Amino acid sequence: MLIDFHTHTTASDGALSPADLVQRALARGVSQLAITDHDTVAGYRAAVASRALASGELHLVPGVELSCQWSGVNVHVVGLNLDVDHPVLAAGLSRQAEARQERAAVIARRLEKLGLSGALEGARAAAGDSQIGRPHFAAWMVAQGHVAEPSVAFDRYLGRGKPGDVKAFWPVLEEVVGWIVAAGGVAVLAHPLKYRLTRTRLERLTADFRAAGGAAVEVLSGRQLPNEGRELRELARRQQLAVSLGSDFHQEQSWAADLGVEPRHLEGLWGVWERWQAPEQESCT
Ligand code: AMP
Ligand code: MN
Ligand code: MN
Ligand code: MN
């Protein structure tokens, strides 16, 4: 069984349209998929409206990846199986969209001071109808010849601690978890090792997340080392949280994970998907 509860489309910073992402998941034999674009459910909605799901071979789980801050760190919370029309979530998402626009203007102003002019127009053009983010600034920098590739744009201008790393606009962790819970969803602490916290701080983040109503830890995210998976499963066990799995797929890349992960090594842990798995699916496995 291949599943994937963390993926991106052109609605945020992914390369594939929602319908193409579903097609790719089907071609790879994924049976359950969540589209979790940054701060928008537009990709999920478009996939539902497309004919890509017509075969019925793939169960699409409503999802989103929300940006927030915790103790000065930019943290991501994935929301799964939520009511995408819930008014609390809708209000939260429109606030996030506003925050992204305001943040983009601040990022552009900072880049301007470093001699990179026209960044706001450039990033907006790169984003088009997508939820604007740092990857669109990176794409513009590549197109302008300022950097050779997006990763260099992050290393020099946009990554952690660089001028384009603007966190001030994000709501706090407790708030975004609250939106997910209000919308009947499951809140998942995304890629916990990406925040580069000390063990003590990671434990505190996870405990705060749980206290806020968080339900699960992403114990597999993209390509990760076996010992990282082990560490995250131990974290979930200690904090008595369920687990989720995802590729964090953005586009086909030799160094990144493709769609679909096999749920493995989860003895004694509770997969979030067990909450919504249809009884008939369970009986035929
Ligand atoms: P934002 O949502 O605007 O905060 O941008 C964060 C996104 O930028 C992440 O979800 C990644 O897709 C992308 N990203 C973060 N770090 C890097 C990096 N070093 N190289 C390329 N893309 C990155
Ligand atoms: Mn991204
Ligand atoms: Mn993320
Ligand atoms: Mn992601």
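Just so it is clear, the structure is predicted and the values come from calculations on it, not from any experiment. In listed order, ligands and their atoms are each counted from 1.
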Original post:
Short check: any N/O/S atom of His6 below 2.8 Å from the Mn ion (ligand 4)?
Top reply: yes
Original post:
Should Leu21 and Ile3 be counted in the same cluster of Ile, Leu, Val, Met, Phe, Trp and Tyr side chains packed under 4.5 Å apart?
Top reply: yes
Subject >> Side-chain donor-acceptor pair present, Thr206, Arg238, cut-off under 3.5 Å >> reply: no
Original post:
With sequence neighbours left out, what residues match Gln251 under side chain to side chain contact (heavy atoms under 4.5 Å, CB included)?
Top reply: Ala15, Gln253
**OP:** Provide the atom name of the closest N, O or S atom of His76 relative to the Mn ion (ligand 3).
**Re:** ND1
Original post:
Leaving waters out, which protein N, O or S atoms fall under 2.8 Å from the Mn ion (ligand 2)?
Top reply: Asp13 OD2, His38 NE2, His250 NE2
**OP:** Only counting residues at least two apart or in another chain, list the ones meeting ring-ring contact (aromatic ring centres under 6.0 Å, His included) with His136.
**Re:** none
Subject >> Student check: side-chain heavy atoms of Glu218 and Leu245 closer than 4.5 Å >> reply: no
Original post:
Trp140: what forms a ring-ring contact (aromatic ring centres under 6.0 Å, His included) with it, not counting sequence neighbours?
Top reply: His146
Original post:
What orientation do Trp276 and Phe5 show, parallel under 30°, tilted 30 to 60°, or perpendicular over 60°?
Top reply: perpendicular
